[in-house]
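Order of the sequence lines fixes the chain letters, A, B, ..., with proteins taken first and strands second; residue numbering starts at 1 for each chain. In what follows, every heavy atom counts, from backbone to side chain, and hydrogens, waters and symmetry copies are set aside.
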Amino acid sequence: MVLSAKGQVLQNIAVQTGIYEMTISAPEIAKSAIPGQFVMVRPIYRSFEPFLNRPFGISNINAVKGTINILYIIVGKGTDLMRELREGDDVFLIGPVGNGFTIKPEQKNIALVAGGMGIAPLLPLAKTLREKGVTTYGLMGASKAAALVGTDAWQENGVQVQIATDDGSVGQRGFVTALLEDLLNKEKIDFIYCCGPTPMMACTVEIAEKHGVPIEVSLEKRMGCGIGVCMGCICKLKEADGSVKQYRVCYDGPVFRGEEVVFDD
Amino acid sequence: MTKTAVNIAGIAMKNPVCTASGTFGYGDEFGKFYDISRLGGIMVKGVSAEPWLGNKGVRIAETASGMLNSVGLQNPGVDYFLEHYLPKLRKKDLAVIVNMVGHSVEEYAAAVEKLDGHEGIAGLEVNISCPNLKAGGLAYGTDPKMAAEVTTEVRKRTKLPVIMKLSPNVTSIAEIARAVEAAGADGVSLINTLLGMAIDVKTRRPILGNVVGGLSGPVIKPVALRMVWQVHQAVQIPIIGRGGIVTASDAIEFMLVGATGVAIGCGNFINPMTAVEVVDGIKEWLDKEGVTDINEIIGGLRIG
């Protein structure tokens, strides 16, 4: 059930330079959200400025406490206002929106591949996978150590974490996709979940296909509404007959089967 | 009991609140938030005789109190609409106004011929802000002769009420309104989006893939109110007013300057409950003001 609701900020803290984590009390959303879904956030409840809501992948779902978390990086007007929010402030939320990841019982060995802030939707997924008792490898790529988020939460959920950074300041120097190549050469992986920058996801899908491992990706696009009506966040998918059709990232996704996505922008 | 029903060019609506084309899909998505039968009407996303893919690149840019879009009227086409969406909408208790688009008079004619005669369509809204490809991309709605020509061609192909959706990108919107009225339009709907741009100084490029796009949201409300007021004085046919409506007060303002109906546009994006909140808010205002029939406030602006 998708809701538009008032949420209350419980905590809003910097987790890295310029990267924040907000814990929001939103019991109805927390009750129904599944990993891979997102929320549209308006930092000032009932204000029309900034005008559009911002989409954020849900980075933690706590149905018992009735809370959700989001991770955000300061990029502009909206996130700048979000940073200013304090405990007790109200935010406007629409959620949970979009389709989450699909989890199949036959999956025993899973790889999560994240790039930067793309780790957000893969955090609650790790928690769910742990409850199912599967072996999970978490491969994280970031520009540098100071841009790394979420790997602690992965570890807490029993994920076997490997890190790659562009400058080698932590983990292996290079791209996260190199870690995936190594992992797929060593281990039998049943399924891959991926979220990150578009070129990184395109490369991850290519590697997954080469190794014959099914993959789901969570796409990110500039969104107007987040609820399927503005046609702002269009992506292209390959159809079974070879044709290419346009879909809405917010409504038909954001999670899609990797092999069907056309990564052309 | 306060009367909230209005009749717009033969389209009966239990309240004056519609959702504007391109902001509400074909009704499916909002069913998750509320029963769309609470609305007076839906103006469905614009349909063309054949499917349109829309524009490439970035389609949305935020502005102060509003947004720009260059979606480019992506739509699955009339046939798909009739087969997949109209049957569902027919079961709802609201006026289904089908917005239609075209790149040539022939395309408009083809669309109306396909739409005419289907049960469950209360009226047509004709978007004439599309570029006329034969006239070098000049929008139909910016020239009184071209606007009248589309009106005539649509008019003679259907008995349904024909509402022409006017472009604000003109010197005199009253002149265009008079032209479409003379050509047989049953009503007008205004305003469509204002042509605008957004620039990224880092890259020195336009943000929108299409370079220019349509501005909407509360930012355009003062312009829209002025235009509805001018058109109300220029023509006899009813008006559906719109442009930045996000509250009941906004809607009432449009009715006071002469709109019989109102439409909620990108207000649907920022709060999915906007349209029903406006429906409820109008009722509350009427009761508070002691107005027993909403029709009494149409054009009721007090000047002097």
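- Among Pro218(B), Gly66(B), Gly217(B), the residue making the largest number of heavy-atom pairs under 4.5 Å with chain A is Gly66(B).
- Ranked by non-hydrogen atom pairs under 4.5 Å with chain A, the options Ser65(B), Ala61(B), Gly22(B), Ser70(B) are led by Ser65(B).
- Atom CG of Asn271(B) sits about 5.0 Å away from atom OG of Ser4(A), to the nearest 0.5 Å.
- Taken from SG in Cys230(A) to CD1 in Ile270(B), the straight-line distance is 12.5 Å, to the nearest 0.5 Å.
- Within the model, atoms OG of Ser216(B) and CZ of Phe51(A) stand 6.5 Å from one another, a figure rounded to the nearest 0.5 Å.
- The 12-atom threshold is not exceeded at CD of Glu87(A), counting heavy atoms of other residues, nucleotides or ligands nearer than 6.0 Å.
- Within a 6.0 Å sphere centred on CD of Glu220(A), heavy atoms belonging to other residues, nucleotides or ligands number 12 at most.
- Residue contact with chain A, scored on non-hydrogen atoms closer than 4.5 Å, is absent for Leu68(B).
- Ion pairing between a basic and an acidic side chain is recognised when a charged N comes within 4.0 Å of a carboxylate O; Glu62(B) and Arg222(A) show no such pairing.
- Atom CZ of Arg205(B) has 12 or fewer neighbouring heavy atoms from other residues, nucleotides or ligands inside a 6.0 Å radius.
- With a threshold of 4.5 angstrom between heavy atoms, Phe30(B) approaches chain A through side-chain atoms but not through N, CA, C or O.
- Across Gln246(A) and Leu53(B), no two heavy atoms sit closer than the pair NE2-O, 2.7 Å.
- Interface remark: Lys77(A) contributes side-chain atoms only to the contact with chain B (heavy atom separation under 4.5 Å).
- With chain B as partner, the option from Lys245(A), Met223(A), Met40(A), Arg54(A) having the largest number of non-hydrogen pairs under 4.5 angstrom is Arg54(A).
- Note that the NZ atom of Lys221(A) and the CD1 atom of Ile60(B) stand 11.5 Å from one another [nearest 0.5 Å].
- Within a 6.0 Å radius of OH in Tyr34(B), other residues, nucleotides and ligands contribute more than 12 heavy atoms.
- Only the side chain of Ile94(A) comes within contact range of chain B, judged by heavy atoms closer than 4.5 Å.
- Shortest non-hydrogen contact noted between Lys45(B) and Met231(A) is CE-CG, 3.8 Å.
- Taking the side chain as every heavy atom from C-beta outward, Ile227(A) and Phe33(B) approach each other to under 4.5 Å.
- In this structure, Leu52(A) CG and Met67(B) CE are separated by 6.0 Å, a value rounded to the nearest 0.5 Å.
- For the set Glu277(B), Met273(B), Lys56(B), the count of heavy-atom pairs under 4.5 angstrom toward chain A peaks at Glu277(B).
- Side-chain contact between Val229(A) and Phe269(B) is present, with heavy atoms from C-beta onward closer than 4.5 Å.
- Contact of Thr23(B) with chain A is made through the backbone alone, with heavy-atom distances under 4.5 Å.
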